[in-house]
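Encoded as structure tokens, the structure appears first; notes follow it.
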4 protein chains.
Amino acid sequence: MEKTPSRIQKKNQATILAAGLEVFSQYGFRGSTLDQIAETAGLSKPNILYYFASKDAIYVALLSRLLADWMKPVYEINPAGDPVAEILTYAKQKLEMSRLYPAESRLFANEIIQGAPRIMDVLSGELHDTMQSLAKVIEGWIAKGDIRPVHPHHLFFSIWSMTQHYADFDKQVRAVLGDEDPFVGAEAHIEDMIRRLLTPD
Amino acid sequence: MEKTPSRIQKKNQATILAAGLEVFSQYGFRGSTLDQIAETAGLSKPNILYYFASKDAIYVALLSRLLADWMKPVYEINPAGDPVAEILTYAKQKLEMSRLYPAESRLFANEIIQGAPRIMDVLSGELHDTMQSLAKVIEGWIAKGDIRPVHPHHLFFSIWSMTQHYADFDKQVRAVLGDEDPFVGAEAHIEDMIRRLLTPD
Amino acid sequence: MEKTPSRIQKKNQATILAAGLEVFSQYGFRGSTLDQIAETAGLSKPNILYYFASKDAIYVALLSRLLADWMKPVYEINPAGDPVAEILTYAKQKLEMSRLYPAESRLFANEIIQGAPRIMDVLSGELHDTMQSLAKVIEGWIAKGDIRPVHPHHLFFSIWSMTQHYADFDKQVRAVLGDEDPFVGAEAHIEDMIRRLLTPD
Amino acid sequence: MEKTPSRIQKKNQATILAAGLEVFSQYGFRGSTLDQIAETAGLSKPNILYYFASKDAIYVALLSRLLADWMKPVYEINPAGDPVAEILTYAKQKLEMSRLYPAESRLFANEIIQGAPRIMDVLSGELHDTMQSLAKVIEGWIAKGDIRPVHPHHLFFSIWSMTQHYADFDKQVRAVLGDEDPFVGAEAHIEDMIRRLLTPD
DNA sequence: TATGAATGAGGATTCATTCAT
DNA sequence: AATGAATGAATCCTCATTCAT
């Protein structure tokens, strides 16, 4: 009979997750210490462990939350909508997520680069299945001649990679661009790429 | 009075770098241990440190070598060549690097995601300058009407991200694609995207 | 101005002692945690410490109660009774205690094996003196020719060790005996030993 | 291809085991710390862990060695020898072990009292089988009328418990006996008990 | 009386690095 | 050029105890 978390519990758990996100996204799981997280959260180390059983538990909690958020926009693609517009909206949402939640994106990137040890099952399961369904939608649009023939999976890989790049490789992007705002140019460029790719002649 | 490195020295250094690459690219800098590298290299831990002053030194040596390799294809873009072909060739080279040297790509990604603490100066210096020159070439092509107007920097961001994605997010890509070979579809898709983007109507 | 303990107080103290006995006897003092005791008792950890000042206090309370129980049968030996019968009765009582209260026996064994840091004074004081008196009784019986000459102290050591063995080394005893009930054979065997030892030819 | 342990390795491992025995036998597994063992051994804590993978490994190494020593005298009982003499010799050997190696005895007692989590399989396996064979020998002697009818298993339980008592309950024994040497009286008493028990009328 | 929250003091273990040979 | 031995500095986690209510 789990008790409902009290207000102070919720607040501290949220604080810890926020601190964990900040630290983990920057240093990776192994590179992050409970000390860092505790200091960032403004709590003592044992108090952190009072709310989460282990360093790992914090990381997993973050990843779970993240995966849900990360997949959400996919479900909002409307098979009955205008194909190019739907995909553009999706891409813009993803880019906006990179702009607003770069730490989340980097946490996710870190996990996958290191072999996705903790979320491989979600990738092979839910993600795989979702992308299969989505591919059907894309293929339907192609069959109707609404968009040019493209490989559905690779289309999404390119959207994911291009948009997440601005969060994950932020340091490199800004080193190249100097003072220019990355996201202004990014949005225009990505929209251009997708529109040219998909719009039938 | 530096001695010229003997054959055995060179061989061991190479062995250590290869081992370091394998380990660092999988577990990140902090997540990797000298023990792992020593075992992978088949050398004793103190012997590793006989060739490289520290764990950090191995990592930095790898990054330096990597940066050179990573930038090389950029210099091979021929301003006098056919614009679309030049860029396509570049993109294919990058994709081929992701296919052949995924560990290198992941090592690089790891470093940048974590804020590029060790290569920020190279990014702000050499990379920034190189990309400025390259931008001039692209803008020249645009001005001549050889390619459609695109933002040069973002063009390269998209090429980098799309191609490196197949190395860095390999686990996710394969989870989505199942048994399908990622690189076959990737090459076609990326070529399609770039060609549509750049070819003037 | 000590208040008389209320009924609920008494009940909780008893609950805590029962839980402490169960936990301490299995894991030893250092191997037991207040969390375990609290969970076994069905009380919160701070509530445990409301009734007992410390983990140590629970342990000491248990030991004290235990020592009294443990010594009681000795006082019931009747110098005017039949010598062999008196000693047999005592031994059977001790064996019965091993059968009914093995946790208590193990708690006691643990404490003494580890040097009896908390009850050394009781051993050197009350126990020593009691055994001195008892030795006099035994020696009286021997002098009268009622029992064979035996060393009184060692007689009791052998009774204690043989009977407590079935509680303390329960795991080993059952591993050797398999399904056979240890206590049935134990009683016959111990009675046989003592009777043969003490009965004059 | 395990290397043969060098002299220094052997020496340090022996030192650590000796220290571990001293500490574990007094405080139990959970009550002992690597710090204590390290200090007793005169080595640094990480150096301890250079020779043994963990605290647990030291404990298990001790138990293994101990079990072998502990069982050895059983195998020396000669079915063709004089029954009473054989058993008396065995009992005296066990008592001598308690005198010379009380720490080993206490370590063993500690482990069994706490449920024998690490050696249950040896008890149910090798010990059980050995005692079955031994029971056959005893029963043979009984059948021939060489010794009185006794329950073989309980006979050994009583020998084990009486002899080990002088090691395990040393503190209590000495508290009762005062300055008297425990082992002198113990040997006479135990011999008397066994002889009376076994010798046919 | 009772408990959710919090923590200082450990405690086992890891690991980059140094030492001695 | 190589390695067995050794260690100081973390680092994760535990736990008895205290605090606040």
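All heavy atoms count here, side chains included; hydrogens, waters and symmetry mates do not. Here is the naming used below: chain letters follow the sequence lines, and residue numbers restart at 1 for every chain. None of these values were measured; they are calculated from a predicted model.
- Side-chain nitrogen and oxygen atoms of D:Gln9 include none within less than 4.0 Å of the OP1 or OP2 phosphate oxygen of F:dG4.
- Using a 4.0 Å heavy-atom criterion, one finds that C:Tyr51 contacts the sugar-phosphate atoms exclusively.
- Here the options are C:Asn110, C:Asp170, C:Asp168, the test is side-chain hydrogen bond (donor to acceptor under 3.5 Å, both in side chains), and the partner is C:Ser105; only C:Asp168 passes.
- A donor-acceptor pair is defined here as one N or O able to donate and one able to accept, closer than 3.5 Å; no such pair exists between the side chain of B:Ser124 and the backbone of B:Asp121.
- Per the geometry, NZ belonging to D:Lys55 stands 18 Å off P belonging to F:dC13, to the nearest Å.
- If B:Gly42 and A:Ser32 are placed on DNA chain F by their nearest nucleotide, the residue sitting closer to the 5' end is B:Gly42.
- Using N1 to N3 plus N6-O4 or O6-N4 for Watson-Crick, or N1-O2 and O6-N3 for G-U wobble, each under 3.5 Å, F:dT21 pairs with E:dA2.
- Looking at heavy atoms from C-beta onward, A:Glu111 lies in side-chain contact with A:Pro117 at the 4.5 angstrom threshold.
- At a threshold of 4.5 Å between non-hydrogen side-chain atoms, the residues C:Phe29 and C:Gln114 do not count as touching.
- Summarising the base pairing, F:dG8 is matched to E:dC15 through a Watson-Crick or G-U wobble pair whose two defining distances lie under 3.5 Å.
- Mapping B:Ser54 and D:Asp35 onto DNA chain E via the closest heavy atom, the residue that lands nearer the 5' end is D:Asp35.
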How far apart are the C-alpha atoms of D:Arg30 and D:Phe24, what are their side-chain angles, what is the distance that settles it, and do they pass the side-chain contact (heavy atoms from CB on, under 4.5 Å) test?
CA-CA 8 Å; D:Arg30 288 285 305 269; D:Phe24 283 137; over 6 Å; no
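- Within 4.0 Å (heavy atoms only), C:Asp56 reaches no atom of the nucleic acid at all.
- When heavy atoms are screened at a 4.0 angstrom cut-off, B:Leu43 is found touching no nucleic acid atom at all.
- Across all strands shown, D:Leu49 has heavy atoms under 4.0 Å from base atoms, whether or not it also approaches the sugar-phosphate.
- OP1 or OP2 of F:dA6 sits under 4.0 Å from a side-chain N or O of D:Asn12.
- Distances shown here put every side-chain N or O of D:Asn47 at or beyond 4.0 Å from the OP1 or OP2 atom of F:dA5.
- In terms of position on DNA chain E, the residue among C:Tyr50 and B:Leu34 whose nearest nucleotide sits closer to the 5' end is C:Tyr50.
- Along DNA chain F, the nucleotide nearest C:Lys45 and the nucleotide nearest A:Arg30 are compared for position; the residue whose nucleotide lies closer to the 5' end is A:Arg30.
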